[in-house]
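In what follows, a structure is listed as structure tokens, so that the remarks can point back to it.
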Amino acid sequence: MDIEELKTRMADDVVEYADRVMAMYGAPFARAMGVEIERIEKDRVVCSMELTPVMMNSMGRGHGAAIYTLIDHTFAIAANMVADGTGQSTEVKFYRPASGKLTAEAVPINRSRSLEVYAVKVFSEEGKLIASATCTSFMLRK
């Protein structure tokens, strides 16, 4: 995806942050894992990822680390869109096995000068809840 396509996936009130988001989109690990940006709004970031054979656990289901990758990168885009932050903590709950294409949605719970907290939910293609997380970012002030 190039920056012009990215801008079509961003709401008008956040398109000014396209350069910052493009840099996060280009993160080598996220690219290797196939994380894609679906939609970005002021208070909502949606990303997706197709689970591939190398992302499966020994039981043939989506590995928790792969699901966490989608959670973490969706959260990172939401928390770093406007200002720099770094992940402080994440609590993840897994509800059912995963396969196919997953979609994650991050929305803010609370934003303060030093911390931002997000709720991130991961859904299957059928809309079933696969996992949820509470992710906290420590905001880096210059």
Side-chain angles (χ1 to χ4, degrees), residues 1-52 54-59 61-142:
M1 171 167 47
D2 64 17
I3 196 158
E4 293 307 315
E5 183 177 345
L6 173 63
K7 287 178 181 180
T8 68
R9 299 176 186 206
M10 298 179 78
D12 291 340
D13 60 348
V14 295
V15 76
E16 67 186 283
Y17 305 114
D19 288 334
R20 290 181 63 85
V21 173
M22 195 70 201
M24 289 181 275
Y25 174 78
F29 185 71
R31 295 290 12 97
M33 296 294 287
V35 177
E36 293 296 332
I37 296 169
E38 299 296 333
R39 182 74 182 150
I40 298 178
E41 300 166 5
K42 181 178 180 237
D43 289 326
R44 183 173 166 261
V45 172
V46 179
C47 293
S48 65
M49 181 178 74
E50 183 78 35
L51 291 174
T52 64
V54 299
M55 297 177 185
M56 297 299 140
N57 63 23
S58 61
M59 298 174 71
R61 298 180 180 113
H63 196 288
I67 298 165
Y68 177 77
T69 294
L70 179 59
I71 290 168
D72 187 58
H73 203 66
T74 305
F75 154 63
I77 291 170
N80 288 277
M81 183 167 42
V82 176
D84 292 341
T86 188
Q88 182 201 45
S89 66
T90 299
E91 178 186 359
V92 180
K93 291 183 169 53
F94 296 96
Y95 302 107
R96 60 179 40 89
S99 62
K101 184 176 181 179
L102 303 179
T103 302
E105 177 180 80
V107 296
I109 295 172
N110 188 61
R111 292 180 172 133
S112 69
R113 208 165 36 96
S114 57
L115 296 175
E116 291 194 1
V117 183
Y118 290 82
V120 183
K121 293 181 179 178
V122 178
F123 299 95
S124 68
E125 292 176 90
E126 300 78 29
K128 294 192 179 222
L129 183 63
I130 301 296
S132 66
T134 302
C135 305
T136 303
S137 178
F138 180 77
M139 301 312 294
L140 303 171
R141 304 294 176 194
K142 295 178 180 163

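Just so we're clear, the structure is a prediction, and the values are computed from it rather than from any experiment.
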Next on the checklist: Counting neighbours of CZ on Arg113 that are heavy atoms of other residues, nucleotides or ligands and sit closer than 6.0 Å, is the number greater than 12?
Outcome noted: no
Checklist entry - How many angstroms lie between atom OG1 of Thr134 and atom CG of Asn110, to the nearest 0.5 angstrom? => result 12.0 Å
Checklist entry - Between Tyr118 and Ala78, which heavy-atom pair has the shortest distance, and what is it? => result OH-O, 3.3 Å
Item to check | pair Arg39-Glu105: side-chain heavy atoms closer than 4.5 Å | outcome: no
Checklist outcome for this item: Interatomic distance, CE@Met22 vs CD1@Ile77, rounded to 0.5 Å, equals 10.5 Å
Item to check | Separation between CE of Met24 and CD1 of Ile37, rounded to the nearest 0.5 Å | outcome: 7.5 Å
Next on the checklist: With a 4.0 Å cut-off on N to O distance, would you call Arg31 and Glu36 a salt bridge?
Outcome noted: yes
Item to check | Note, Asp43 side chain near Arg111 side chain (heavy atom, < 4.5 Å) | outcome: yes
Checklist entry - Taking the side chain as C-beta and beyond, is there a heavy-atom pair between Glu116 and Met139 under 4.5 Å? => result yes
Item to check | Within-4.5 Å side-chain heavy-atom neighbours: Thr90 and Thr136 | outcome: no
Item to check | Leu115 vs Phe138 side-chain heavy atoms within contact, under 4.5 Å | outcome: yes
Item to check | Criterion side chain to side chain contact (heavy atoms under 4.5 Å, CB included) on Met49 and Met33, from CA distance to verdict | outcome: CA-CA 8 Å; Met49 181 178 74; Met33 296 294 287; 4.2 Å; yes
Checklist entry - What pair of heavy atoms forms the shortest contact from Gly85 to Asn80, and how long is it? => result N-OD1, 2.7 Å
Checklist entry - Looking at CZ of Arg61 and CE of Met59, how far apart are the two atoms once the value is rounded to the nearest 0.5 Å? => result 4.0 Å
Checklist entry - Salt bridge or not for Lys7 and Glu5, using N-O below 4.0 Å? => result no
Checklist entry - Does a side-chain heavy-atom distance below 4.5 Å link Leu70 with Tyr68? => result no
Checklist outcome for this item: Rounded to the nearest 0.5 Å, the CD atom of Glu41 sits from the CG atom of Asp12 at a distance of 11.0 Å
Next on the checklist: Working note: Tyr25 + Leu6, criterion side chain to side chain contact (heavy atoms under 4.5 Å, CB included); need CA distance, chi angles, decisive distance, verdict.
Outcome noted: CA-CA 9 Å; Tyr25 174 78; Leu6 173 63; 5.7 Å; no
Checklist entry - Taking C-beta and beyond as the side chain, do Phe123 and Leu102 meet within less than 4.5 Å on heavy atoms? => result no
Next on the checklist: Looking at every heavy atom in both Leu51 and Ala66, which two are closest together, and how far apart are they?
Outcome noted: CD2-CB, 4.0 Å
Checklist entry - Taking all atoms of both residues into account, what is the closest heavy-atom pair of Ile71 and Ala133, and its distance? => result CG2-CB, 3.7 Å
Item to check | Closest non-hydrogen atom pair between Val120 and Cys135, with its separation | outcome: CG2-SG, 3.9 Å
Next on the checklist: Can a donor-acceptor pair be found, under 3.5 Å and without considering hydrogens, that links the side chain of Glu125 to the backbone of Lys101?
Outcome noted: yes
Checklist entry - Do Tyr95 and Ser132 get their side chains close enough for a donor-acceptor pair, meaning under 3.5 Å? => result yes
Next on the checklist: Using every non-hydrogen atom in the two residues, find where Met10 and Val15 come nearest and quote the distance to one decimal.
Outcome noted: CE-CA, 4.0 Å
Checklist entry - Looking just at side-chain N and O atoms, do Glu38 and Ser48 make a donor-acceptor pair shorter than 3.5 Å? => result yes
Checklist entry - Can you find a heavy atom in the side chain of Met1 that is under 4.5 Å from one in the side chain of Arg9? => result yes
Checklist entry - Rounded to the nearest 0.5 Å, how far does OG of Ser99 lie from CE of Met55? => result 13.0 Å
